[in-house]
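The first residue in the sequence is number 1, and the count goes up from there.
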Amino acid sequence: MSHRVIVLNGISSAGKTTLAQALQNLLPDTWLTFGVDTLITAMPLRLDGAPEGLLIHPGGAVTTGPAWRAMEDDWRLGIGAMARAGVRIILDEVLFRGGADQRSWNDAFGDIGVLWVGVRIDPALAAERELARGDRVIGLAEKQASIVHAGMAYDLEVDTGLLSPDECACRIAERVAR
(Lines give C-alpha, C1' and ligand atoms only; values in the text may rest on other atoms or scores of the structure.)
Protein backbone atom coordinates (compact mmCIF):
# COMPACT_ATOMS: atom_id res chain seq x y z
CA MET A 1 0.00 0.00 0.00
CA SER A 2 1.28 3.44 -0.87
CA HIS A 3 1.05 5.73 2.14
CA ARG A 4 -0.11 9.29 1.51
CA VAL A 5 -0.65 10.14 5.18
CA ILE A 6 1.38 9.44 8.31
CA VAL A 7 -0.45 10.06 11.58
CA LEU A 8 1.75 10.56 14.63
CA ASN A 9 -0.44 10.20 17.71
CA GLY A 10 0.86 10.75 21.20
CA ILE A 11 0.70 12.86 24.31
CA SER A 12 1.81 16.47 24.55
CA SER A 13 5.60 16.88 24.75
CA ALA A 14 6.24 13.38 23.35
CA GLY A 15 8.34 14.85 20.53
CA LYS A 16 5.86 14.49 17.67
CA THR A 17 6.66 17.85 16.09
CA THR A 18 10.41 17.18 16.13
CA LEU A 19 9.74 13.70 14.75
CA ALA A 20 7.55 15.14 11.97
CA GLN A 21 10.36 17.53 11.00
CA ALA A 22 12.87 14.65 10.97
CA LEU A 23 10.51 12.71 8.68
CA GLN A 24 10.17 15.68 6.32
CA ASN A 25 13.96 15.81 6.04
CA LEU A 26 14.32 12.05 5.55
CA LEU A 27 11.49 11.06 3.24
CA PRO A 28 12.27 11.41 -0.48
CA ASP A 29 9.03 13.16 -1.47
CA THR A 30 7.60 16.43 -0.19
CA TRP A 31 5.41 15.99 2.88
CA LEU A 32 3.42 18.75 4.58
CA THR A 33 2.92 18.71 8.34
CA PHE A 34 -0.32 19.67 10.05
CA GLY A 35 -1.80 18.81 13.40
CA VAL A 36 -3.87 19.79 16.35
CA ASP A 37 -1.54 22.71 17.15
CA THR A 38 -2.12 24.03 13.61
CA LEU A 39 -5.87 23.89 14.20
CA ILE A 40 -5.56 25.57 17.61
CA THR A 41 -3.48 28.38 16.12
CA ALA A 42 -5.95 28.81 13.25
CA MET A 43 -9.13 28.84 15.33
CA PRO A 44 -10.82 32.15 16.19
CA LEU A 45 -9.38 33.59 19.42
CA ARG A 46 -12.89 33.79 20.88
CA LEU A 47 -12.96 29.96 21.02
CA ASP A 48 -9.69 29.69 22.96
CA GLY A 49 -10.65 29.09 26.58
CA ALA A 50 -14.37 29.33 25.85
CA PRO A 51 -16.90 26.63 26.78
CA GLU A 52 -18.06 26.35 23.15
CA GLY A 53 -14.45 26.06 21.95
CA LEU A 54 -11.34 24.55 23.49
CA LEU A 55 -10.69 24.68 27.22
CA ILE A 56 -7.38 23.53 28.68
CA HIS A 57 -7.91 23.53 32.43
CA PRO A 58 -5.24 23.98 35.10
CA GLY A 59 -3.86 20.51 35.73
CA GLY A 60 -4.16 19.57 32.06
CA ALA A 61 -7.74 18.41 31.55
CA VAL A 62 -9.09 19.34 28.11
CA THR A 63 -12.73 19.89 27.22
CA THR A 64 -14.16 20.74 23.83
CA GLY A 65 -17.41 22.46 23.02
CA PRO A 66 -19.73 22.25 20.01
CA ALA A 67 -17.97 24.97 18.01
CA TRP A 68 -14.61 23.19 18.40
CA ARG A 69 -16.10 19.83 17.42
CA ALA A 70 -17.75 21.29 14.30
CA MET A 71 -14.52 23.03 13.34
CA GLU A 72 -12.55 19.82 13.96
CA ASP A 73 -14.93 17.83 11.72
CA ASP A 74 -14.46 20.38 8.92
CA TRP A 75 -10.69 20.33 9.51
CA ARG A 76 -10.61 16.55 9.08
CA LEU A 77 -12.61 16.75 5.85
CA GLY A 78 -10.25 19.43 4.52
CA ILE A 79 -7.10 17.48 5.38
CA GLY A 80 -8.68 14.36 3.86
CA ALA A 81 -9.49 16.26 0.64
CA MET A 82 -5.90 17.49 0.40
CA ALA A 83 -4.59 13.95 0.83
CA ARG A 84 -7.00 12.58 -1.77
CA ALA A 85 -5.82 15.35 -4.13
CA GLY A 86 -2.29 13.97 -3.87
CA VAL A 87 -0.69 15.96 -1.05
CA ARG A 88 1.47 13.82 1.24
CA ILE A 89 0.66 14.71 4.85
CA ILE A 90 2.21 14.07 8.24
CA LEU A 91 -0.33 14.67 11.00
CA ASP A 92 1.07 15.60 14.42
CA GLU A 93 -1.91 14.70 16.60
CA VAL A 94 -3.17 14.27 20.12
CA LEU A 95 -6.30 12.19 19.67
CA PHE A 96 -8.26 13.12 22.79
CA ARG A 97 -10.87 10.44 22.06
CA GLY A 98 -8.40 7.72 21.04
CA GLY A 99 -9.97 5.12 18.75
CA ALA A 100 -13.11 7.21 18.16
CA ASP A 101 -10.94 9.98 16.70
CA GLN A 102 -9.04 7.42 14.64
CA ARG A 103 -12.32 6.25 13.09
CA SER A 104 -13.27 9.86 12.29
CA TRP A 105 -9.91 10.43 10.58
CA ASN A 106 -10.22 7.17 8.64
CA ASP A 107 -13.66 8.27 7.42
CA ALA A 108 -12.15 11.58 6.25
CA PHE A 109 -9.27 9.83 4.46
CA GLY A 110 -11.45 7.28 2.69
CA ASP A 111 -9.42 4.68 0.83
CA ILE A 112 -6.06 6.44 0.72
CA GLY A 113 -3.09 4.81 2.43
CA VAL A 114 -2.59 5.91 6.04
CA LEU A 115 0.26 4.81 8.31
CA TRP A 116 -0.83 5.05 11.93
CA VAL A 117 2.12 5.59 14.29
CA GLY A 118 1.82 5.51 18.07
CA VAL A 119 4.36 7.91 19.54
CA ARG A 120 5.05 6.62 23.02
CA ILE A 121 7.02 8.13 25.87
CA ASP A 122 7.13 7.59 29.61
CA PRO A 123 4.63 10.14 30.99
CA ALA A 124 7.16 11.25 33.64
CA LEU A 125 9.69 12.11 30.93
CA ALA A 126 7.01 13.96 28.95
CA ALA A 127 6.14 15.89 32.12
CA GLU A 128 9.81 16.91 32.46
CA ARG A 129 9.83 18.10 28.85
CA GLU A 130 6.53 19.91 29.41
CA LEU A 131 8.01 21.80 32.37
CA ALA A 132 11.20 22.65 30.46
CA ARG A 133 9.25 23.95 27.46
CA GLY A 134 7.39 26.54 29.45
CA ASP A 135 4.62 26.82 26.84
CA ARG A 136 2.31 24.06 28.03
CA VAL A 137 -0.15 23.74 30.87
CA ILE A 138 1.54 21.61 33.49
CA GLY A 139 -0.20 18.25 33.77
CA LEU A 140 -1.30 18.11 30.12
CA ALA A 141 0.95 15.15 29.25
CA GLU A 142 -0.05 13.23 32.37
CA LYS A 143 -3.79 13.72 31.72
CA GLN A 144 -3.42 12.66 28.09
CA ALA A 145 -1.35 9.55 28.87
CA SER A 146 -4.39 7.44 29.71
CA ILE A 147 -6.60 8.53 26.81
CA VAL A 148 -4.76 9.21 23.52
CA HIS A 149 -3.76 5.59 22.89
CA ALA A 150 -7.03 4.03 24.15
CA GLY A 151 -8.71 1.95 21.45
CA MET A 152 -6.08 2.81 18.83
CA ALA A 153 -4.90 0.39 16.13
CA TYR A 154 -1.34 1.26 15.11
CA ASP A 155 0.76 0.04 12.21
CA LEU A 156 3.92 0.98 14.08
CA GLU A 157 4.92 2.36 17.47
CA VAL A 158 8.03 4.32 18.42
CA ASP A 159 9.28 5.46 21.82
CA THR A 160 10.75 8.95 21.74
CA GLY A 161 12.13 8.54 25.23
CA LEU A 162 14.32 5.64 24.11
CA LEU A 163 15.14 6.61 20.52
CA SER A 164 16.24 9.88 18.95
CA PRO A 165 13.93 11.69 16.52
CA ASP A 166 16.17 10.54 13.63
CA GLU A 167 16.05 6.91 14.80
CA CYS A 168 12.26 7.04 15.08
CA ALA A 169 12.04 8.73 11.66
CA CYS A 170 14.18 5.97 10.12
CA ARG A 171 11.85 3.29 11.45
CA ILE A 172 8.82 5.10 10.08
CA ALA A 173 10.50 5.79 6.72
CA GLU A 174 11.38 2.09 6.40
CA ARG A 175 7.72 1.24 6.90
CA VAL A 176 6.61 3.87 4.35
CA ALA A 177 9.06 2.43 1.81
CA ARG A 178 7.56 -1.08 2.04
### Task
Answer whether the closest heavy-atom distance between the side chains of Phe34 and Leu39 falls below 4.5 Å.
no

### Query
So how far is it from Trp105 CH2 to Glu72 CD, rounded to the nearest 0.5 Å?
7.5 Å

### Query
If you draw a 6.0 Å radius around CZ in Arg129, do more than 12 non-hydrogen atoms from other residues or ligands fall strictly inside?
yes

## Note on the structure
To the nearest 0.5 Å, atom CD1 of Ile112 lies from atom CG of Asn106 at 9.5 Å

#### Entry: Separation between CD1 of Ile40 and CG of Leu54, rounded to the nearest 0.5 Å
5.0 Å

### Query
Has Gln24 got more than 12 heavy atoms of other residues, nucleotides or ligands less than 6.0 Å from its CD?
yes

### Message
Please list all pairs meeting ring-ring contact (aromatic ring centres under 6.0 Å, His included) that have one or both residues in residues 133-178, counting only residues at least two apart or in different chains.
### Response
His149-Tyr154

### Task
Using modelled atom types only, decide if a donor and an acceptor are shared between the side chain of Arg103 and the backbone of Gly99 within a distance under 3.5 Å.
yes

### Task
Determine, for Asp107 against Arg76, whether the closest basic-nitrogen to carboxylate-oxygen distance falls under 4.0 angstrom.
no

### Query
Which heavy-atom pair separates Val114 from Asp155 by the least distance, and what is that distance?
O-OD2, 3.5 Å

### Message
Nearest 0.5 angstrom please: Glu157 CD to Asn9 CG, how far?
### Response
10.0 Å

#### Entry: Distance in Å, Asp166 CG paired with Leu19 CG, rounded so as to fall on 0.5 Å steps
9.5 Å

### Query
About how many Å separate OG1 of Thr30 and CZ of Arg88, when rounded to the nearest 0.5 Å?
8.5 Å

### Query
Looking only at heavy atoms, what is the nearest atom pair of Val94 and Ser12, with distance?
CG2-N, 4.4 Å

### Message
Which residue in the set Leu163, Leu8, Val117 passes side-chain contact (heavy atoms from CB on, under 4.5 Å) when paired with Cys168?
### Response
Leu163

### Query
Side-chain contact, heavy-atom cut-off 4.5 Å: Asp73 with Ser104?
no

### Message
Could you tell me if the side chain of Arg4 sits less than 4.5 Å from the side chain of Ile89, heavy atoms only?
### Response
no

### Query
Cluster partners of Ile138, using ILVMFWY side-chain heavy atoms under 4.5 angstrom, listed by chain and number?
Leu131

#### Entry: Shortest non-hydrogen contact between Thr33 and Ala20, atoms and distance
CG2-CB, 3.8 Å

#### Entry: Non-hydrogen atoms of Ile121 and Ser13 that approach each other most closely
CD1-O, 4.2 Å

### Task
Compare every heavy atom of Val148 with every heavy atom of Gly10, then report the nearest pair and how far apart it is.
C-CG2, 4.0 Å

